[in-house]
2 protein chains.
Amino acid sequence: MLASALLVVSLRPAAFRIRPSSSAPVCADRAVHRRSAWPTLQFGSASEYKEHLTSQGSLPEGFRVGVHGFKFTPKEADMQAVMNITLIALDRPTSSFAGVFTRNSFCGAPVTVGKKRIEHSAAIQAVVINNKISNVCAAGDGVQSSEDLCAAVASALELEGGADAVIPCSTGVIGWALPVEKMVEALPATAAKLQADSVVPAAYGIMTTDRFPKLRTYPACGGRLVGIAKGAGMIEPNMATMLSFILTDVDVPKHELQAMLRRVVDVSFNCVSVDADQSTSDTMLCLSSAVKPLPPGEAALAEFEAALTALATDLAEDIVRNGEGTSHVIRVHVSGAPSSELARGVGKAVVNSNLFKTAVAGNDPNVGRLVAAVGSYLGKVAPELDVTGCRMSLGGQLIFHRGKFDLDPTMEKSLSAHMSEAILTGSNGESLKYPRHQRCVEVGIEMGLGDCECTVFGSDMTTEYVEINADYRS
Amino acid sequence: MLASALLVVSLRPAAFRIRPSSSAPVCADRAVHRRSAWPTLQFGSASEYKEHLTSQGSLPEGFRVGVHGFKFTPKEADMQAVMNITLIALDRPTSSFAGVFTRNSFCGAPVTVGKKRIEHSAAIQAVVINNKISNVCAAGDGVQSSEDLCAAVASALELEGGADAVIPCSTGVIGWALPVEKMVEALPATAAKLQADSVVPAAYGIMTTDRFPKLRTYPACGGRLVGIAKGAGMIEPNMATMLSFILTDVDVPKHELQAMLRRVVDVSFNCVSVDADQSTSDTMLCLSSAVKPLPPGEAALAEFEAALTALATDLAEDIVRNGEGTSHVIRVHVSGAPSSELARGVGKAVVNSNLFKTAVAGNDPNVGRLVAAVGSYLGKVAPELDVTGCRMSLGGQLIFHRGKFDLDPTMEKSLSAHMSEAILTGSNGESLKYPRHQRCVEVGIEMGLGDCECTVFGSDMTTEYVEINADYRS
């Protein structure tokens with residue numbers, strides 16, 4: 001039932017093979033490391049999923065995590081709220097760390113501080129994360145709030161590096177201010193809960209509207225990587241997702257790790273979308289305790305990068321699977337594209353089409369909307385392309401080629417059945433507190449225009465999505 | 001209660017004035033012709049609305065319209081469906097006509113034929129429109145189907161110009177084939193219903209998921225323009241909306257009319273979005289019976305263009321007001337932008353943010369999502385811009401400036417009340433078969449970076465939107 005082995009295979013889930021084309025451009029990033037297309041994980045209940053998390057959640061050597069929750073009243077609203085503080089601490093300061101952040105022009109104060117740490121800090125020894133309030137564009141001085149919190153963490157943990165050794169992350173409501181005093185008061189209790197056994201409490205602690213925690217692990221280079229992520233809405237990362245933390249004991253030099261993380265994010269988190277809304281707070285951090293030396297040579301670096309890619313891809317997919325109101329995950333494999341960028345753009349156009357998303361929610365194989373979405377995107381960005389060679393499949397069945405559909409009632413039923421099989425919610429359509437399986441609605445688009453490909457994951461759109469978001473804060 | 005007078009005034013609905021900036025670029029299209037920001041039309045019931053349509057729907061001289069419906073079974077699905085054929089006929093062939101069409105790379109067969117007519121036909125004498133099936137990417141030869149239908153129309157109406165004098169338009173399910181034989185059979189009955197009194201039957205006949213017909217009229221140059229439109233979903237026109245027909249008796253030369261229509265579409269239909277899905281069938285036609293001579297001189301042309309702009313803007317807004325599941329219209333006025341294109345992009349980013357749309361549906365002033373959407377767009381397309389001068393308002397109240405919100409519980413209540421007042425649906429949230437009023441949720445964004453502006457209209461997103469689209473075809 002569990003997929004703990006690292007499989008590094010090229011994945012082509014859809015109905016098409018790449019057609020070799022001597023004149024087509026060659027894509028540098030074509031050999032994306034992916035696992036088998038079909039589900040490897042399947043759970044029958046929330047407790048089965050929890051058991052799985054426990055078995056996967058051991059912290060790499062050199063790390064401790066602690067979580068503490070407290071009640072407070074935001075100054076912007078008449079309500080009582082609960083905030084979790086999560087601490088990730090290293091036994092020793094590390095110079096092996098990397099981070100990528102949102103490109104939103106109105107980014108959060110923690111992003112501003114986090115970027116400074118990645119660039120200027122010689123060593124990192126802790127990450128402090130809060131949910132409920134994102135510290136974005138709040139009244140007062142958000143950057144100072146984050147810095148004050150970092151200083152308090154450094155003091156509570158007696159870190160030699162001071163505030164500069166602490167990276168702050170916040171997620172939650174935009175526009176509200178952090179209750180810094182209350183948070184500082186909560187730090188001793190959080191520090192008292194630090195333990196070296198499991199990352200699972202942190203996977204729970206960082207959640208907001210997430211239905212279930214997201215945690216993945218892979219071995220590499222004689223050590224291990226374990227990663228957690230939060231995020232369910234405002235998800236079309238332009239670097240990473242809301243918040244994701246990957247911890248490892250393998251000592252990868254900082255400059256290698258930073259470059260690697262950028263490449264990895266590009267083929268994992270940058271290929272998913274829940275609602276096409278890029279957050280102000282997206283942050284992905286990778287920290288190494290550097291306990292295990294990296295074996296010499298290029299092969300070890302490649303092995304580590306493959307594991308990091310697989311882990312990030314898993315977490316990115318988990319976020320889509322856990323998207324707000326998601327009842328189906330849509331996997332679009334675009335091939336035969338003239339560039340990787342265009343392949344990703346086509347895939348994103350499909351998973352971001354509200355009309356296609358709603359059709360999938362209803363198990364309605366309204367394939368006209370699929371073609372309309374692809375055509376709308378291409379008409380905007382590349383009207384000069386000849387699209388007559390474009391072929392599309394749904395659930396492995398060829399539905400469109402030579403500019404035409406060939407549909408009949410039997411095909412419609414079969415396509416609808418494929419969609420039904422990928423439903424993630426319960427028999428009454430209710431949300432489950434665990435991911436049932438990893439099946440997707442499989443869309444294949446072979447453009448016949450080159451040699452580049454990309455796999456994009458997205459959510460359907462349900463009435464639950466609207467209900468969650470029509471009054472998120474109350 | 002009725003707004004029949006043509007008001008040509010510059011509109012700035014939001015809280016900001018344009019700040020003159022000597023170094024800022026000048027926008028050629030700044031002086032957009034708009035009416036007053038606040039509602040001019042208000043209806044208490046469906047019958048009141050119907051009465052209004054009747055009073056507005058007189059056909060300009062030289063036109064007749066007829067509609068006929070029939071039942072059929074599409075060959076692609078086990079279901080019985082009803083299709084309307086709508087004919088718009090001119091008493092005499094006209095050389096005064098213009099059209100703009102979708103830029104979707106997979107456009108419909110009627111679009112292909114329509115483009116050919118606009119370019120190559122010397123004269124037009126009829127338009128044939130069907131709903132239910134859009135004739136896009138269907139099996140068989142969709143273009144031939146459209147041509148066959150045009151030939152049959154020419155024959156039924158005894159048009160000297162033959163098929164080349166007929167423009168075909170289709171809207172409805174993508175991927176299905178037109179039941180051409182059945183349609184041809186229905187033509188004599190349709191022709192028998194042609195009458196010269198009112199365009200209202202056509203406004204009803206072209207509807208698909210529309211809740212109510214859309215019809216506007218303006219006087220100009222001693223003559224009149226009357227326009228109808230259909231469209232409720234798959235609406236982010238990249239030229240026009242699903243289908244729109246503007247009829248006039250003023251004799252505007254074809255080359256002037258075509259250029260004018262492009263300019264008009266750019267500031268009307270290209271500034272609205274219901275669901276960010278650009279249709280495969282978008283078609284906007286303007287036909288003149290040329291009964292009334294255009295007065296000589298530039299002033300007359302300008303007067304006609306102002307009326308055409310006002311009419312197209314009204315229809316475009318009506319389509320948003322009638323969007324699938326729409327319970328609020330959102331009006332975003334972007335000013336102080338470095339270019340008109342960027343102004344429109346910012347506005348579109350706001351009305352296409354699913355998170356902002358759902359918040360509006362819930363009367364939830366989650367203004368963080370507004371800033372996140374603007375920042376996400378700017379971070380992608382213009383990360384070099386300094387956004388610190390950006391100010392935003394909601395319902396005329398300043399909510400964001402100098403990179404910060406300043407929120408409190410009183411402000412939240414006032415913003416929520418503004419949203420409640422703009423609700424279009426009934427007291428139980430149910431759809432109404434008429435537009436209650438023209439109030440909008442008013443968003444103002446003053447970028448402080450230039451002299452360009454744009455007003456964009458969009459829909460909120462409700463559970464009804466999802467329900468309509470989860471199983472549209474059944």
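Residue numbering restarts at 1 for every chain, and letters A, B, ... go by the order of the sequence lines. In this text the structure is predicted, and so the values were computed from the model without any measurement. Reckoned from all heavy atoms, side chains included, excluding hydrogens, waters and symmetry mates.
- Your options are A/Asp277, A/Leu378, A/Thr280, and the one with the most heavy-atom pairs under 4.5 Å with chain B is A/Asp277.
- Comparing A/Gly403, A/Gly375, A/Gly362, A/Ala349 by heavy-atom pairs within less than 4.5 Å of chain B, the highest count is held by A/Gly375.
- For the pair B/Glu467 and A/Thr463, the minimum side-chain heavy-atom distance is below 4.5 Å.
- Using modelled atom types and a 3.5 Å distance limit, the side chains of A/Asn104 and B/Ser376 yield no donor-acceptor pair.
- Both the backbone and the side chain of B/Ala359 come within contact range of chain A, judged by heavy atoms closer than 4.5 Å.
- A/Tyr465 places none of its side-chain heavy atoms less than 4.5 Å from the side chain of B/Val466.
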Can you give me every donor-acceptor pair (side chain of residues 74-81 of chain B, partner residue at least two apart or in another chain, under 3.5 Å) with its distance?
{"unit_1": "B/Glu76", "atom_1": "OE2", "unit_2": "B/Ala177", "atom_2": "N", "d": "2.9"}

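- Taking all atoms of both residues into account, the shortest heavy-atom contact from B/Ile174 to A/Ala372 is CD1-CB, 3.9 Å.
- For the residue pair B/Asn354/A/Asn469, the side-chain donor-acceptor check at 3.5 Å is not satisfied.
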- Query: Can A/Leu355 and B/Glu324 be said to form a side-chain contact (heavy atoms from CB on, under 4.5 Å), step by step?
  - Reply: CA-CA 11 Å; A/Leu355 288 175; B/Glu324 285 170 348; 4.3 Å; yes
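- With respect to chain A, the highest number of heavy-atom pairs below 4.5 Å among B/Gly233, B/Gly140, B/Ala373, B/Ser279 belongs to B/Gly140.
- Once rounded to the nearest 0.5 Å, the distance linking NZ of A/Lys404 with CZ of B/Phe106 reads 13.5 Å.
- Checking side-chain atoms of B/Ser105 against main-chain N and O of A/Gly379 turns up a donor-acceptor pair under 3.5 Å.
- Within a 6.0 Å radius of CD in A/Gln144, other residues, nucleotides and ligands contribute more than 12 heavy atoms.
- Using a 4.5 Å cut-off between heavy atoms, B/Cys390 touches chain A through its side chain atoms alone.
- Looking at residues two or more places apart in sequence or on another chain, you find a ring pair (Phe, Tyr, Trp, His ring centres under 6.0 Å) between A/Phe405 and A/Phe400.
- For chain A, the option among B/Ser134, B/Ala361, B/Gly368 with the highest count of heavy-atom pairs below 4.5 Å is B/Gly368.
- Among A/Met461, A/Lys380, A/Glu464, the residue with the largest count of heavy-atom pairs under 4.5 Å with chain B is A/Met461.
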